[in-house]
Each structure stands twice: as C-alpha cells, then as structure tokens.
Amino acid sequence: MRNGDPCVLVILGASGDLTHRKLIPAMYEMHQAGTLSKFSCILGVSRSKKTDEQWRTELAVWVQKQVKRFDASSWKEFSQRIYYEPGDAAIAEPYQRLGARITQLNSQHSCRGNVLFFMSVAPELYEPIVDQIGSAGLVTEGHRWCSLNQSERSWQRIIVEKPFGNNDASAASLNRSLGRVFDEEAIYRIDHYLGKEVVQSLLAFRFANSIFEPLWNNQYIDHVQITAAEVVGVGQRIAFYDATGAIRDMIQSHLMQVLAFVAMEPPTSFGADHIRSEKIKVIDALQLPDPNRLGDFGALGQYGASSDEKAYTELDGVKPGTTTETFAALRMEFVNWRWAGVPFFIRTGKRMAAKRTQIAIQFKPPAANLFQSVMPGHLSGNRMVIEIAPNEQFSLRFAAKRPGHMSISNVEMMMDYAKAFASEAVEAYGPLMIDAMRGDQCLYKHRLEVEGAWRAIMPFLDERSNGIRKGSQLNYAAGSWGPKAADDLLAREGRAWFNPM
Ligand SMILES: NC(=O)c1ccc[n+]([C@@H]2O[C@H](COP(=O)([O-])OP(=O)(O)OC[C@H]3O[C@@H](n4cnc5c(N)ncnc54)[C@H](OP(=O)(O)O)[C@@H]3O)[C@@H](O)[C@H]2O)c1
C-alpha cells in the first residue's frame, strides 16, 4: 500500500474524546507502521488554552493507554511533530493565526502545501467551521497554496465525522456547505466501520471467489440479518443519545454501509468511483415502507431496569416521556433484479443479551427433502455468518451425515481472521486516515450515499413512526434480544432471528 502523502493534519476538536482515544493513537500506530509520511505533522485546534508541550504531555497518557505496542522512543520522535493552536474555529478571529501556523508547519516539515482537516467537533459546528475555512482562503482546490515544489500540485481535503446531519434535510444542507468550499473529491465522509478488516474483506470474499457470487441473489438466499448488539447501556452520552436514538446512531451510518457491501453489484474495479457508484445504486433501490403500515416494517424499543442499571427512561438527562429508541429492528427490501423478494432485517440495540456485530445470510432450503425418513419436514437451509465483532470470523453451516447410521446434522466450517492471518489489529481510524492522505475515497461515503441512507430511514424517524413509538410496546428487558415486536416482525413470515449463544 502506498504511504500517505506529506501533509499537515489539522484536527479541529483537539481536546475531545475522539482525538484522545482514537485519532492520535491511530496516527501514532501509522507512524510505527511507517505508513504516515515522515513529511507530515499534526496541528490540534480547540478553544482550551495550552502549549504544544502541554498537549503532547496530555496525549502521551492516552496513547500509552490505547496502543499495545507503545514505546517511548518512537513516541518521542512522533510527538515532536505534534503542535497545538488555541482558538474558536467557528468564528473568523483565529484564522489569520491559524493560516500562518499551517504555512509555517508546511514549510518546516516539507508538507508540499497539503492540508487535511479533520472535523472532530460537535456536529452543529461543522457548517460554521467549513464556512470559516473557506472564507479564510485555506482551500485553493489544487492550486499552489504555498510554494515549495513547483512540480507538484498541493491538495486540501476534509474528513467529516458522523453524525452527518440529523435528518435528510440537514444532511443535504451540510453537503451543500461542504460543496461550496471543497470539491466532492476532497470531501471524506468517514465511517470507522469501513475501517474494520472484516467489513472490507466482505468485498474480497464476494468478488475474489467464484463460488459465492452465483448464489448471491433471490434464487438462493431466503433473507439476510444484520445485527449490531451491545451489552452496555447509553453510558455518559445521555443527552446526545436521547436526541439521536438507535436508528440515527447506528443504522443510518454504519449498518447502511454494511448493507450496501452485502447487496451491491460487482463493481468494475476496486476503485473508489466504481465501488461508490454501486453503493449509491443499491441504496437507491431500497423500497420505502408504506407509512400506514410501519409496524410491518419496524419495531422499536427502550430497555428496562436491571439489578445494576436504571431503565433508559429513568436515567437523569433523559426527557420525561421520551420515545427515543434504544433498540430498532427494520425490515428493508430492494426493488432490483438481484434482490426482489428477499427481506433484509437490520437490528441494533443497547443492553442486549450479548455484544455482537454480525451478518447472517440465510440460504433457502433444498428444493426437495430426500431424507424424509430420517429427517421429516424441511431441511434447514445453509447459513453463512460473518462476525464483525467481537471476533472476526466467517462461518458456514451445512448439513452432514452423522457417522454410523443415516441421520443428518448441521455442522459449521469456520475461518477465524486472527488465526488465519496472525496479524495484530490496529485502530480502524489509522488506515482510513492514511487513505485520505493518499487521496483514496474507496472506503469513504459519497454525498449521494449519505442522502440515500437518510431517505430510506426517514419514515421511521418522523411523525409517521408515532404508532410504533408508544408506551408498553416499546419496552424490552435488559439482557434480552429486544422487544417482542421485533420477534413478531420475522415470525409473521415464518422466520426467526439468529441469536448467537
Ligand atoms: N468520541 C467518539 O468515539 C466518536 C465516535 C464517532 C463520532 N464522533 C463524533 O466526533 C465528533 C467529536 O466527538 P468527541 O466525542 O470527541 O466530542 P467532545 O469530547 O465533546 O470534543 C469536542 C471537541 O471540540 C472542541 N470544540 C468545541 N467547540 C469548539 C470551537 N468552537 N472551536 C474549536 N474547537 C471546539 C472541544 O474543545 P474546547 O472545549 O477546548 O474547545 C473538544 O476538543 C462529534 O461530532 C462526534 O459525534 C465521536
């Protein structure tokens, strides 16, 4: 893999949780791996007043905590390339200083005029900050911005964190604001799920083998389940969560991306344009639910109390009478040649029975059961489970004859990522940020993907969803697999959730 281009990485929101726990540890790991260009540096910006040295000391504590292979000498070398500039990035005041500091660091570290902005602030600040970056003239769209090497054009790019908007209209507005300052090729809408090895390997699995793709359609697949379950509750992020809910927090962003990888057509190549246009196309083919029958397409829930934690509705900071969902199960269908008639069930929840993120592909049973005498009724179909977390595994269930007498049992064939490749996991943000430094948008979302994903879930968020956001219908026991309504969603069609043991 090509290393990141030289650049000044400007992190807006330098003293926040994401920067401490993920971004700086990820960049340090990339420095250790040698994929971060040695002609690059980091400039942190937030309102708190501190010096370069104070920020380095603060970060050292976090990096030691987060990175298994921390070593003092490589940290010392890396930390000398980290700088800090205090300022309110949402107003014009600090931009003259900021621009001068970027220019000076660019020259000091031979960064060739390249600047990568990382928006790690609260989402309501994205638009004001982008406006200020534009007004300050920090983006010159490929023209020389500081003259270091006349033979090369510089670039300025921006990584934008989720949540990308709060609904379809605000996402479109943010896209317009970004578009006024940056070209689409310079906008990197990040989803750290796409940095996970097993999500990416789904593409290799589908398109680097010949045996799966012929079966990957409505002739052979009965339905697909995508689950992201957490054992923990909403924790400290109560106000944020109560304004957001499970659908916005997990489904609109991460799980819609997983869905697109499972369902998209083969791209012409493993290039960003080809992959993203297939994702846009498949998201566009999602059928919107009938607003009068939302109960047939979705089930929402709120977790109850347990011995060690209050019920969601009793938490301090949750609005009285809140209908914000901590669990959501949605039934989606594509109107296209490959998938017509195949339901895709997506569910996510807090305080569930197990921590698990997985995709289960349920194949149809054999057309006829030749083994009626020993196995009456229907044979169960094959099932492929792609586990994304906590383990990274592919498993395939198939029927086999038991030794001795004639009887059929289901057995599992398993590929465990850690065993097969004996590689150490790195923070998902690292390789994604290096991709942005290389100009590779393969694992970043296009404007139309984000807007399409919002369009598909809006019926479950606006007033049309009131019917499935009512009183006791919402409750589920902490430590369970969600409300009864979620089981009913599948049971109505003679299907059932695949709940891991
Ligand atoms: N934390 C995560 O794991 C995570 C995961 C996915 C997405 N995200 C997203 O990433 C973003 C950051 O999240 P976070 O958890 O790091 O939030 P956070 O802990 O609240 O940090 C926000 C940062 O923004 C700075 N800030 C606030 N107003 C500012 C301004 N006007 N100008 C410059 N800096 C300003 C704050 O520092 P000062 O007060 O010193 O200015 C702080 O450094 C959010 O959009 C969040 O939704 C976070």
Side-chain angles (χ1 to χ4, degrees), residues 9-27 42-52 54-55 58-59 62 65-66 82-95 97-99 101-102 117-133 135-136 138 158-166 170-171 174 177-178 188-196 228 230 232 234-246 248-257 317 348 350 357 389 427-430 432-433 436 444-445 450:
L9 169 63
V10 180
I11 301 181
L12 299 142
S15 45
D17 175 68
L18 183 67
T19 305
H20 288 154
R21 280 193 311 111
K22 306 275 183 184
L23 306 186
I24 298 292
M27 284 297 92
I42 300 174
L43 175 63
V45 181
S46 52
R47 291 165 308 173
S48 325
K49 298 236 174 323
K50 54 189 136 202
T51 62
D52 295 342
Q54 279 167 331
W55 196 41
E58 224 174 88
L59 293 176
W62 284 98
K65 195 151 76 181
Q66 300 294 109
I82 298 183
Y83 305 89
Y84 185 84
E85 186 68 40
D88 182 340
I91 59 171
E93 184 273 320
Y95 276 87
R97 256 184 307 119
L98 209 52
R101 191 86 197 268
I102 293 172
F117 297 96
F118 195 119
M119 203 67 97
S120 181
V121 288
E124 57 275 17
L125 294 176
Y126 293 172
E127 291 194 61
I129 293 181
V130 170
D131 288 348
Q132 294 301 342
I133 290 173
S135 307
L138 299 184
I158 188 164
I159 299 181
V160 187
E161 251 303 341
K162 76 150 213 179
F164 198 95
N166 190 43
S170 58
L174 178 53
S177 292
L178 284 162
Y188 290 70
R189 298 173 191 82
I190 198 164
D191 188 326
H192 71 266
Y193 254 54
L194 298 189
K196 292 182 188 290
E230 290 179 279
V232 293
V234 298
Q236 303 304 310
R237 304 156 69 217
I238 297 173
F240 161 79
Y241 199 88
D242 205 37
T244 306
R248 285 189 177 92
D249 192 37
M250 290 297 295
I251 297 182
Q252 190 282 331
S253 49
H254 309 315
L255 300 188
M256 291 293 273
Q257 285 295 309
T348 183
K350 301 270 187 198
T357 306
E427 172 50 57
Y429 276 92
L432 286 176
M433 289 166 74
Y444 284 87
K445 298 186 265 193
V450 176

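Numbering of ligands and ligand atoms starts at 1, following listing order. Every heavy atom of this structure was used, including side-chain atoms; hydrogens, water molecules and symmetry mates were not.
Among Glu124, Lys162, His254, the residue whose heavy atom sits closest to atom 46 (C) of ligand 1 is Lys162. In the candidate list Val121, Asp249, Thr244, Ile11, Val121 is nearest to atom 44 (C) of ligand 1, counting heavy atoms. The closest non-hydrogen atom to atom 3 (O) of ligand 1, taken over Lys22, Lys49, Arg21, comes from Arg21.
Nearest non-hydrogen protein atom to atom 36 (C) of ligand 1 is Ser15 OG, 4.1 Å. At the shortest separation from atom 29 (C) of ligand 1 among protein heavy atoms lies Arg47 NE, 3.5 Å. Nearest protein heavy-atom neighbour of atom 17 (O) of ligand 1: Asp17 N, 4.5 Å.
Here is the list of ligand 1 atoms found below 4.0 Å of a heavy atom in Gly87: 32 (N), 33 (C). With ligand atoms numbered from 1 in the order given, ligand 1 contributes 45 (O) to contacts under 4.0 Å with heavy atoms of Pro123. When each atom of ligand 1 is checked for a heavy atom of Pro163 under 4.0 Å away, the hits are 47 (O). Close contacts of ligand 1 with Ser48, meaning ligand atoms under 4.0 Å from a residue heavy atom, involve 38 (P), 40 (O).
Proximity of Glu161 to ligand 1, defined as any heavy-atom pair under 4.0 Å, is confined to the side chain (atoms from C-beta onward). At a heavy-atom cutoff of 4.0 Å, ligand 1 is contacted by the side chain of Leu125 but not by its backbone. At a heavy-atom cutoff of 4.0 Å, ligand 1 is contacted by the side chain of Tyr126 but not by its backbone.
For residues 10-19, every residue pair satisfying the salt bridge (charged side-chain N to carboxylate O under 4.0 Å, His left out) rule, not counting sequence neighbours, is listed here: Asp17-Arg21.
Scanning for side-chain contact (heavy atoms from CB on, under 4.5 Å) contacts around Arg97 gives Glu85, Glu93, Pro94, with sequence neighbours left out.
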